[in-house]
Number of protein chains: 2
Amino acid sequence: MARVGLTPERLARAGAELADEVGFDQVTVSALARRFDVKAASLYAHVRSSQDLRTRIALLALEELADRAADALAGRAGKDALTALANVYRDYAREHPGRYAAAQLRLDPETAAASAGVRHTQMTRALLRGYDLTEPDQTHAVRLLGSVFHGYVSLELGGGFSHSAPDSQQTWTRVLDALDALLRNWPEPTGS
Amino acid sequence: MARVGLTPERLARAGAELADEVGFDQVTVSALARRFDVKAASLYAHVRSSQDLRTRIALLALEELADRAADALAGRAGKDALTALANVYRDYAREHPGRYAAAQLRLDPETAAASAGVRHTQMTRALLRGYDLTEPDQTHAVRLLGSVFHGYVSLELGGGFSHSAPDSQQTWTRVLDALDALLRNWPEPTGS
DNA sequence: CTATTTGCCTATAACCTGTAGGAAGATGCA
DNA sequence: TGCATCTTCCTACAGGTTATAGGCAAATAG
């Protein structure tokens, strides 16, 4: 009865790999058990449920993504920082589609508050210090950037841009140009 | 043995309702069969598979969304049209979260090409006629708008904006201001 | 070197997908 | 009206997934 040496952390890491290979929603306790050549029931000693496993993978992905973002932002400012941060999300999603999908998992408020998700907000806010925005516009801009990054990446990943010209890379470059221009020239509220 | 009168269309409609109630990923053949007080096996006479059912719900949602968008755009131009279209997506997602999630289902290329998805692109393009963009910037702008709408709506739906000030409605208004300003003042490519 | 803890096992129940074949209701045609 | 046929929904079943309960053996502590 050889012991494989399962831990919640190893399961989350292996689950993340599995997600990248077969898709996050195909990650099951059974499939993960097969990967360790172990019975599914054995995994329940380490994770409470299938949902618990997914949450651990999501938290892992959020951490990795935040670490990459922190790396990319170090020593950069302005458009340079904007581009770097944006590319972190896009590249991560392309390298690790399953993990990226996991990072979108809806977490309950306490879990979310304790997750690396908050670092993402903080870093976006730090990036915006290179532009001249004061509250509440800074928060609006944080949300806008999050929306564009996530929206673009998920549409691109879903194949939305792959069957028409011009190619996605060109649009991406121009979108970052546009966001930079917008942040440098953030409009006043309209009268309406 | 009373006949219930199942058809693929009725199943898709009921599936859409079920999705709004319990979430798109909780839509199963079994659950739908229970809703009609019928055995799961019976549904397979009308849909080929669980995946087929999901696809039908996705197509239904895309249609509904395109119809609403066409309605909203009629007789509007410029920022008025931009706001109207944006609100269609946001309102639909809030009213019908399950259907909205369904609309994000990844379709195979042929199905996607035959879906109402293409109408969405066309309408966004029509909206952009109120701004002064030529190709390929128009395509870039279509993709940007799609990204912002989808990204914002999905982050908002995921609860991302609900636990911090200012409230999401204010950000939404300002994001639309910002997009309008950006489209009216679309930047040249940068030299890099 | 025994005693306890830990890790993985078998067994089992419930639910979901999907297929095969059967019976009752609906429909068409004489 | 009566008969044949088709359609609709059924039962039965096989295979996969989640989850719990209880058992035995390996690792570890005193």
Determine, step by step, whether B:S30 and B:R35 satisfy the side chain to side chain donor-acceptor pair (under 3.5 Å) criterion, reporting the C-alpha distance in whole Å, the side-chain angles of both residues, the deciding distance to 0.1 Å, and the verdict. CA-CA 9 Å; B:S30 299; B:R35 170 158 298 220; over 6 Å; no
Please determine whether side chain to side chain donor-acceptor pair (under 3.5 Å) holds for the pair A:E135 and A:T139, giving the CA-CA distance in whole Å, both sets of side-chain angles, and the decisive distance to 0.1 Å. CA-CA 6 Å; A:E135 290 297 354; A:T139 301; 2.8 Å; yes
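Residue A:S49 places no side-chain N or O under 4.0 Å from the OP1 or OP2 atom of D:dT18. Within the 4.0 Å cut-off from OP1 or OP2 of D:dC10, at least one side-chain nitrogen or oxygen of B:S42 is found.
Taken to the nearest 0.5 Å, the OG1 atom of A:T83 stands 7.5 Å off from the CG atom of A:D180. Atom OG1 of B:T124 and atom CZ of B:R119 lie 12.0 Å apart (nearest 0.5 Å).
Not one N or O on the side chain of B:D80 forms a donor-acceptor pair closer than 3.5 Å with the backbone of B:R76. B:T55 places a side-chain N or O within 3.5 Å of a backbone atom of B:Q51 that can act as its donor or acceptor partner.
Nucleotide C:dA20 holds its C1' atom 17 Å from the CG atom of B:L43, rounded to whole Å. Atoms CG (A:L32) and P (D:dG16) sit 18 Å apart, rounded to a whole Å. One interatomic measurement links the two molecules: CG of A:D52 to C1' of D:dA19, which rounds to 13 Å at whole-angstrom precision. Distance, B:L53 CG to C:dC16 P: 14 Å, rounded to whole Å.
The pair A:D132-A:R184 fails the salt-bridge criterion, with no side-chain N (NZ, NE, NH1 or NH2) lying under 4.0 Å from an Asp/Glu carboxylate O. Salt-bridge check for A:R99 with A:E17: failed, with every basic side-chain N at 4.0 Å or more from each acidic carboxylate O.
Contacts of B:V153 classified as side chain to side chain contact (heavy atoms under 4.5 Å, CB included), with partners at least two apart in sequence or in another chain: B:R90, B:A93, B:Y100. Under the salt bridge (charged side-chain N to carboxylate O under 4.0 Å, His left out) criterion, A:E95 pairs with A:R68, not counting sequence neighbours. Remark: B:Y92 engages B:H96 in a ring pair (Phe, Tyr, Trp, His ring centres under 6.0 Å) (not counting sequence neighbours).
Checking C:dC8, C:dT17, D:dC9 against the side-chain heavy atoms of B:H46 singles out D:dC9 as nearest. Between D:dT17, D:dA19, C:dT17, one nucleotide has an atom nearer to the side chain of B:Y44 than all others, and that is C:dT17.
Contacts with DNA chain D (heavy atom under 4.0 Å) in residues 33-41 of chain A: A:R34, A:A41, listed by number. Contact check of residues 17-29 of chain A against DNA chain D (heavy atom, cut-off under 4.0 Å) returns A:T28, A:V29.
Rounded to 10°, the helix from C:dC1-D:dG30 to C:dA30-D:dT1 has 10° between the axis fitted to its first five pairs and the one fitted to its last five.
Among the protein residues, A:S50 comes within range of the sugar-phosphate backbone only, with heavy atoms under 4.0 Å from sugar or phosphate atoms but none that close to a base.
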